[in-house]
Each structure stands twice: as structure tokens, then as C-alpha cells.
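Okay, so here's the structure we're looking at.
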Amino acid sequence: AGEHYRFPPLGERSGYRKVLYDMLIKAGYNVDFVGSQKHGIRPINQEDWYDWNCEAYPGWKIPEIANKLDTALTIYQPDILLIHVGTNGKDWDEKPPHVNEMLDMINEYSIENNHAITVFLCLIINRFIEEDAAPTTQYNKDLTYLVNTRTGDKVQIILVDMEKGAGLNYSDNLPDPDASPPYEGGDMFGKRYAGVAHDKYHPNDKGNTKMAVKFYEELIKVLQETGNTKN
């Protein structure tokens, strides 16, 4: 859910979602996040929080997420899907086919229910650990090729370049511990100081904000092109 020198407080960490929600609301769009999960705990003293529903599962692999999504499509009938999968596990050769199967399932749902869906499929974030950088980049190349071959789908698939296009700083450069946002230093969990988790795989709060901005940029393009009405 992202932290950076213990900011924001534990109960308020909401990943990229709250930032994205606030940006869309500020732009005048009527937003309803859906899903069976909640991300970010509402502060007791803050009534105006955000729509925290999502369908996100830390540590899960693509087939597990696809199974949950298969059920969620019927329950929530979403118009837009934001999909960032593939960061978990070392089974890099199996991941692109699993994404293809997930897209098949989404497209079949769209056809069977005559329900238009726009899928924002991420080229996933990289890491600052060298051994994982190359397979991540290759996976993203495979996803790009995969999407380019899916020319007959009912669903619209938009690639979102989180690896290079979100401007994430994949270094482990140390930030200023006394700084207020925006922070200096890397955008991924790193070796900050004693007591702060570091795993080299997940964005900190600053990195999550950059992901939110990238999602917003891609969403707005489609919403404006389709004439999606605001509030």
C-alpha cells in the first residue's frame, strides 16, 4: 500500500487508488470503484475519504486473480478494468499465456452479456534488483505483442506503460528523512532505515502516486474520446 519514511500513516495507505480517485473526482467524473475488497482504512476523524472498493490480492498469481475476476465480472459488471498482474512469482514463461487466458475470459463475458469493457492492461513496474529487471522487461514485451495480436476482441485493450512511462525511479537512492512530500530518492521500497520494510518489488507512497498519474492520463484519453459524461 506504499509508505515513504512512515508517510502516510499506516491506516491511510491506499496505494495508487485514492490518488487516482481524487484526480477523477476533481476532474468532474462520477466514479464508482467496485470489488469485494477494501484498500486503505478510513481515518476515524475523516468523513470524506474515498471509494475504497477493489478486487486486489497481494501475493496472488495471475490464474488466482483471474478466477476471482471471473466471479467479480458477473457481480459488479464493470465498464473499466485496471489490471496490473505478473509481479508475483518467477514463472515468467507461463505469465503471458495466463494473461491471454484472462483476456479471453473477459472478452467472452463481454460478448455473452453484450457489455462493453475497456481494459487498461499494465506493462508492469520494474524493480531495482538487477536479476528481476530483464525478465520483467521481456514480460512486458510479450504482453505488447500479445495485445497487438488480439484484433478481433469486443473489449478494448489499452496498454499502460508503468515500467517506463510512469517515470518511476527504480534506484535505491536515499531520500531526506526530514523532507515533506514530494520526496527525493527512489520510488520503490528500499533500504531506507531500520524498521521500514524493503522488498525491491513494490512502490513506496511516492511511486504509487506516479502510478496513479499514469492511470489518470490514460483514462482521461479514453473518457474524452468516448464522450463519457461528467457529473
Side-chain angles (χ1 to χ4, degrees), residues 15-17 20-21 24 29 31-39 51-126 135-163 165-166 201-202 211-212 214-223 225-226 228:
Y16 69 81
R17 294 180 182 87
L20 176 59
Y21 177 84
L24 289 167
Y29 287 96
V31 180
D32 180 16
F33 284 7
V34 296
S36 62
Q37 306 299 301
K38 294 180 179 179
H39 196 198
D51 186 352
W52 55 10
N53 299 113
C54 63
E55 203 67 43
Y57 298 90
W60 285 29
K61 293 185 177 181
I62 299 169
E64 297 172 300
I65 296 172
N67 286 337
K68 279 289 186 181
L69 177 58
D70 192 17
T71 301
L73 286 172
T74 301
I75 296 173
Y76 301 107
Q77 302 174 20
D79 303 310
I80 292 173
L81 296 175
L82 308 181
I83 299 179
H84 187 283
V85 295
T87 56
N88 296 314
K90 303 287 187 178
D91 51 337
W92 291 105
D93 291 340
E94 298 177 19
K95 291 180 182 181
H98 287 157
V99 172
N100 197 41
E101 291 172 1
M102 176 187 285
L103 293 174
D104 282 343
M105 179 264 292
I106 298 168
N107 192 56
E108 288 172 7
Y109 168 85
S110 179
I111 293 171
E112 291 174 0
N113 295 276
N114 193 29
H115 182 79
I117 296 177
T118 303
V119 176
F120 289 84
L121 178 65
C122 291
L123 305 181
I124 64 174
I125 59 172
N126 218 315
T136 298
T137 298
Q138 183 58 51
Y139 168 76
N140 287 334
K141 290 180 179 178
D142 293 341
L143 284 195
T144 301
Y145 175 80
L146 170 65
V147 169
N148 288 338
T149 63
R150 299 185 64 97
T151 56
D153 286 345
K154 178 178 176 61
V155 298
Q156 181 184 16
I157 305 174
I158 308 292
L159 285 172
V160 181
D161 187 359
M162 288 297 181
E163 180 187 16
Y201 292 91
H202 295 88
M211 290 184 69
K214 184 61 179 176
F215 267 135
Y216 177 80
E217 291 172 349
E218 299 300 327
L219 277 163
I220 286 298
K221 292 177 187 177
V222 173
L223 293 174
E225 288 174 0
T226 58
N228 192 290

To check you understand the geometry: which heavy-atom pair defines the closest contact between [X] and [Y], and what is its length?
X: Cys122; Y: Met162; result: SG-CG, 3.8 Å
X: Leu73; Y: Tyr109; result: O-OH, 3.1 Å
X: His39; Y: Cys54; result: CB-SG, 3.8 Å
X: Val31; Y: Asp51; result: O-OD2, 4.1 Å
X: Ile124; Y: Val85; result: CG2-O, 3.1 Å

Applying side-chain hydrogen bond (donor to acceptor under 3.5 Å, both in side chains), name anything that partners [X], two or more places apart in sequence or on another chain.
X: Asp93; value: none
X: Asp79; value: His115
X: Ser110; value: none
X: Tyr57; value: Ser36, Gln37, Glu55

> Residues in salt bridge (charged side-chain N to carboxylate O under 4.0 Å, His left out) with Glu218, at least two apart?
Replying inline: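 Scan of Glu218 (salt bridge (charged side-chain N to carboxylate O under 4.0 Å, His left out), adjacent residues dropped) gives Lys214, Lys221.
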
Pairwise distance [atom1]([X]) to [atom2]([Y]) - rounded to 0.5 angstrom:
X: Ile111; Y: Glu108; atom1: CD1; atom2: CD; value: 7.0 Å
X: Gln156; Y: Asn107; atom1: CD; atom2: CG; value: 12.5 Å
X: Asp91; Y: Asn88; atom1: CG; atom2: CG; value: 9.5 Å
X: Asn126; Y: Thr137; atom1: CG; atom2: OG1; value: 4.5 Å
X: Leu81; Y: Phe120; atom1: CG; atom2: CZ; value: 10.0 Å
X: Asn113; Y: Thr74; atom1: CG; atom2: OG1; value: 6.5 Å

> Residues two or more places apart in sequence or in another chain: which of them pass side chain to side chain contact (heavy atoms under 4.5 Å, CB included) with Asn148?
Replying inline: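 Asn148 satisfies side chain to side chain contact (heavy atoms under 4.5 Å, CB included) with Thr144 only.
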
> Sequence neighbours excluded, which residues qualify as side chain to side chain contact (heavy atoms under 4.5 Å, CB included) partners of Asn100?
Replying inline: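 Applying side chain to side chain contact (heavy atoms under 4.5 Å, CB included) to Asn100 gives Asp104, Leu146, Arg150.
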
> Checking side-chain contact (heavy atoms from CB on, under 4.5 Å) for the pair Asn114/Lys154: CA distance, chi angles, key distance, verdict?
Replying inline: CA-CA 9 Å; Asn114 193 29; Lys154 178 178 176 61; 3.5 Å; yes

> Which residue pairs satisfy the salt bridge (Lys or Arg N to Asp or Glu O under 4.0 Å) criterion with at least one member in residues 80-90, sequence neighbours excluded?
Replying inline: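 Qualifying pairs, neighbours excluded: Lys90-Asp132.
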
> Do any pairs count as a salt bridge (Lys or Arg N to Asp or Glu O under 4.0 Å) and have a residue in residues 138-147, sequence neighbours left out, and if so which ones?
Replying inline: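 Residue pairs with at least one partner in residues 138-147: there are none.
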
> Does the side chain of Tyr76 reach to within under 4.5 Å of the side chain of Asn53, using non-hydrogen atoms?
Replying inline: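 Tyr76 vs Asn53: side chains apart.
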
> Is there a side-chain contact between Thr87 and Tyr201, using heavy atoms and a 4.5 Å cut-off?
Replying inline: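 No - every pair of side-chain heavy atoms lies 4.5 Å or more apart.
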
>> For Phe33, give me all partners under ring pair (Phe, Tyr, Trp, His ring centres under 6.0 Å), at least two apart in sequence or on another chain.
In response: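 Only Tyr21 meet the ring pair (Phe, Tyr, Trp, His ring centres under 6.0 Å) criterion with Phe33.
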
> Is there any ring-ring contact (aromatic ring centres under 6.0 Å, His included) pair reaching into residues 83-105, and which pairs are they, with sequence neighbours excluded?
Replying inline: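 Counting only pairs at least two positions apart or across chains, the ring-ring contact (aromatic ring centres under 6.0 Å, His included) contacts touching residues 83-105 are Trp92-Tyr139.
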
> Between the side chains of Glu163 and Thr136, is a donor N or O closer than 3.5 angstrom to an acceptor N or O?
Replying inline: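 Absent: no donor and acceptor within the cut-off.
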
> side-chain contact (heavy atoms from CB on, under 4.5 Å) between Leu103 and Val155: does it pass, once the steps are laid out?
Replying inline: CA-CA 9 Å; Leu103 293 174; Val155 298; 5.9 Å; no

Please report, to 0.1 Å, the donor-acceptor pairs under 3.5 Å made by any side chain of residues 61-72, with sequence neighbours excluded.
{"from": "Glu64", "atom 1": "OE1", "to": "Lys61", "atom 2": "N", "distance (Å)": "2.8"}
{"from": "Asn67", "atom 1": "ND2", "to": "Pro63", "atom 2": "O", "distance (Å)": "3.4"}

> Does the pair Leu82 and Leu20 meet the rule for a side-chain contact (heavy atoms from CB on, under 4.5 Å), with working shown?
Replying inline: CA-CA 11 Å; Leu82 308 181; Leu20 176 59; 3.7 Å; yes

> Of Val160, Ile157, Ile158, which is the lone residue that meets side chain to side chain contact (heavy atoms under 4.5 Å, CB included) with Leu121?
Replying inline: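 That would be Ile157.
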
>> Show, in sequence, the C-alpha distance, side-chain angles and deciding distance for Tyr29 and Leu219, and conclude whether the side-chain contact (heavy atoms from CB on, under 4.5 Å) test is met.
In response: CA-CA 11 Å; Tyr29 287 96; Leu219 277 163; over 6 Å; no

